[in-house]
2 protein chains.
Amino acid sequence: MPYLLNQAADVTSRSFEGAYKDRYGMLRTEWRVLFHLGRYGAMTAKEICGRARMHKTKVSRAVRALEEKRFLERQTRSDDRRHEMLSLTPTGARVFRDLVKEAQRFDTALMAEFSAEEAAQMRALLIRLAQL
Amino acid sequence: MPYLLNQAADVTSRSFEGAYKDRYGMLRTEWRVLFHLGRYGAMTAKEICGRARMHKTKVSRAVRALEEKRFLERQTRSDDRRHEMLSLTPTGARVFRDLVKEAQRFDTALMAEFSAEEAAQMRALLIRLAQL
DNA sequence: GGTTGTTAGTTACAAAAGCAACTACTACGA
DNA sequence: TCGTAGTAGTTGCTTTTGTAACTAACAACC
């Protein structure tokens with residue numbers, strides 16, 4: 001089962017990779033961070049680690065890369081200067097919207113191979129699996 | 001969807017990782033090569049690339065590692081000396097059987113979270129996805 | 001106020017993956 | 001038989017990931 005999941009994840013991820021890589025020179029980790037900030041609003045790196053199940057070093061590096069691209073900004077929180085609130089810049093938000101649109105297109109195309117019920121069930125099962 | 005698949009693949013793969021890593025000091029790539037040889041019999045590195053969707057350098061390095069562990073042997077084919085038939089040694093076959101048993105246990109435990117139909121459907125859907 | 005422990009995030013170093021150039025071999029046509 | 005092209009597999013170099021040690025900031029306790 002892990003093997004099947006990896007195969008499926010690999011095949012689908014690779015076909016979508018071009019969207020963020022070719023257009024914006026982003027890595028997968030960067031796209032994931034951008035996605036979480038766009039989808040759920042400003043948060044700290046730590047929170048991204050938790051939500052996206054990414055290791056903090058990966059997040060740290062992705063944040064720096066996105067910052068250099070001017071896609072996000074950090075703001076040290078005044079009440080606890082260890083925390084840095086991360087938020088998308090207008091440019092970052094624009095990129096996010098563009099890529100989300102692309103992702104939806106991609107997902108629709110992918111799911112065209114399956115019936116609506118199959119797609120829904122698949123999604124539900126994967127969510128349960130990912131939460132184990 | 002790729003994101004969900006990756007999450008699920010990551011979670012499940014990591015829990016099984018210990019089986020081959022801790023006991024036999026194998027990498028995931030090595031386990032995959034060993035698995036294909038054990039499951040489908042002797043074949044060339046090229047064939048493994050195709051079946052397992054792995055890049056040839058990954059396969060090449062995994063084969064060398066497995067050879068050093070005495071889990072597999074190579075035999076240059078006499079009709080075309082570019083080809084090397086890879087096959088498991090008795091030790092390799094034993095390791096394969098052990099890990100397959102472990103994998104089945106793992107899979108059973110994983111699927112205990114789901115009904116039999118759900119598990120079957122999931123498997124079928126993933127196979128279709130992986131073949132896109 | 002200073003020591004101790006804890007947390008957010010970074011950095012340095014090691015392991016692994018990806019890519020492109022390479023070797024060794026075969027096939028085929030001039 | 002020579003030259004060209006193509007294939008199986010390896011090696012060297014670069015990029016990315018993982019791990020562990022680190023810095024900076026805070027909190028709590030004495």
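All values below were derived from every heavy atom in this structure, side-chain atoms included, with hydrogens, water molecules and symmetry-related copies excluded. Quick note on labels: first sequence line is chain A, next is B, and so on, each numbered from 1.
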| query | Out of curiosity, does F35(A) fall in the hydrophobic cluster containing I127(A) (side-chain heavy atoms, cut-off under 4.5 Å, transitive links)? | reply | yes
| request: Using the heavy-atom set of chain A and a strict 4.0 Å cut-off, write down the first and last nucleotide of DNA chain D that makes it in, 5' to 3'. | output: dT16(D) to dC26(D)
| Does V63(B) share a hydrophobic cluster with Y24(B), counting links as ILVMFWY side-chain heavy atoms below 4.5 Å and allowing steps through other members? | yes
| For the hydrophobic clusters of this structure (ILVMFWY residues joined by side-chain heavy atoms under 4.5 Å, transitively), does one cluster hold both L27(B) and L66(B)? | no
| said: Is the terminal nitrogen or CZ of R51(A) (NZ for Lys, CZ for Arg) located under 6.0 angstrom from the six-membered ring centre of Y40(A) and within 45° of that ring's axis? | reply: yes
| task | Please list, by residue number, the residues of residues 56-73 of chain A whose heavy atoms come closer than 4.0 Å to an atom of DNA chain C; answer none if no residue qualifies. | result | K56(A), T57(A), S60(A), R61(A), R64(A)
| task | Answer yes or no: are there more than 12 heavy-atom neighbours, outside R70(A) itself, under 6.0 Å from its atom CZ? | result | no
| Looking at residues 1-38 of chain B, who's got a heavy atom less than 4.0 Å off DNA chain C? | L27(B), T29(B)
| Which two nucleotides bound the region of DNA chain C that has atoms under 4.0 Å from heavy atoms of chain B, read 5' to 3'? | dA16(C) to dT26(C)
| task | Classify the nucleic acid contact of H83(B) as base, sugar-phosphate or nothing, counting any heavy atom under 4.0 Å across all strands shown. | result | sugar-phosphate
| request: Treating Ile, Leu, Val, Met, Phe, Trp and Tyr as nodes and any side-chain heavy-atom pair under 4.5 angstrom as an edge, say whether I48(A) and L99(A) lie in one connected cluster. | output: yes
| No-hydrogen, no-angle side-chain donor-acceptor test under 3.5 Å, S13(B) and R28(B) | yes
| query | With sequence neighbours left out, what residues match R94(A) under side chain to side chain donor-acceptor pair (under 3.5 Å)? | reply | none
| message | Quick check: on DNA chain C, is the nucleotide nearest R74(A) upstream (toward 5') of the one nearest R82(A), or the reverse? Name the residue that is more 5'. | response | R82(A)
| field | Stepwise ring-ring contact (aromatic ring centres under 6.0 Å, His included) test for F96(B) and H36(B) | value | CA-CA 10 Å; F96(B) 168 72; H36(B) 278 270; over 10 Å; no
| query | When all nucleic acid strands are considered with a 4.0 Å heavy-atom cut-off, which category describes R77(A): base, sugar-phosphate, or nothing? | reply | nothing
| request: Step through the shown structure and confirm whether more than 12 heavy atoms of other residues, nucleotides or ligands are within 6.0 Å of NZ on K46(A). | output: no
| field | salt bridge (Lys or Arg N to Asp or Glu O under 4.0 Å) pairs, two or more places apart, involving residues 84-93 of chain A | value | R74(A)-E84(A)
| Run the side chain to side chain contact (heavy atoms under 4.5 Å, CB included) check on T89(B) and E67(B) step by step: do they pass? | CA-CA 9 Å; T89(B) 61; E67(B) 195 182 22; over 6 Å; no
| query | L4(A) and M111(B): same hydrophobic cluster, using ILVMFWY side-chain contacts below 4.5 Å? | reply | yes
